[in-house]
Amino acid sequence: MAVAGGFSRAGNADTGGGVLLAVGLVVAFFTWWSWWTAAGIALAAAGALWLALANRAG
């Protein structure tokens with residue numbers, strides 16, 4: 001089924017948070033026990049926070 005109006009604005013707002021969350025998890029997974037792990041966890045946390053705030057606003 002096609003959507004006549006295209007993509008929703010709420011979906012566009014979530015894009016940045018999802019990217020941060022995904023990149024953070026990948027970095028944390030592949031760089032076990034280094035300072036990159038801490039950076040990956042921080043990115044994942046920032047992405048999760050972004051998604052939570054975007055879902056609350058939208």
Tell me whether [X] shares a hydrophobic cluster with [Y], the cluster being built from Ile, Leu, Val, Met, Phe, Trp, Tyr side chains joined at under 4.5 Å.
{"X": "Val27", "Y": "Phe29", "value": "no"}
{"X": "Trp36", "Y": "Leu43", "value": "yes"}
{"X": "Val19", "Y": "Phe30", "value": "no"}

- CG (Leu20) and CG (Leu25) are apart, to the nearest 0.5 Å, by 10.5 Å
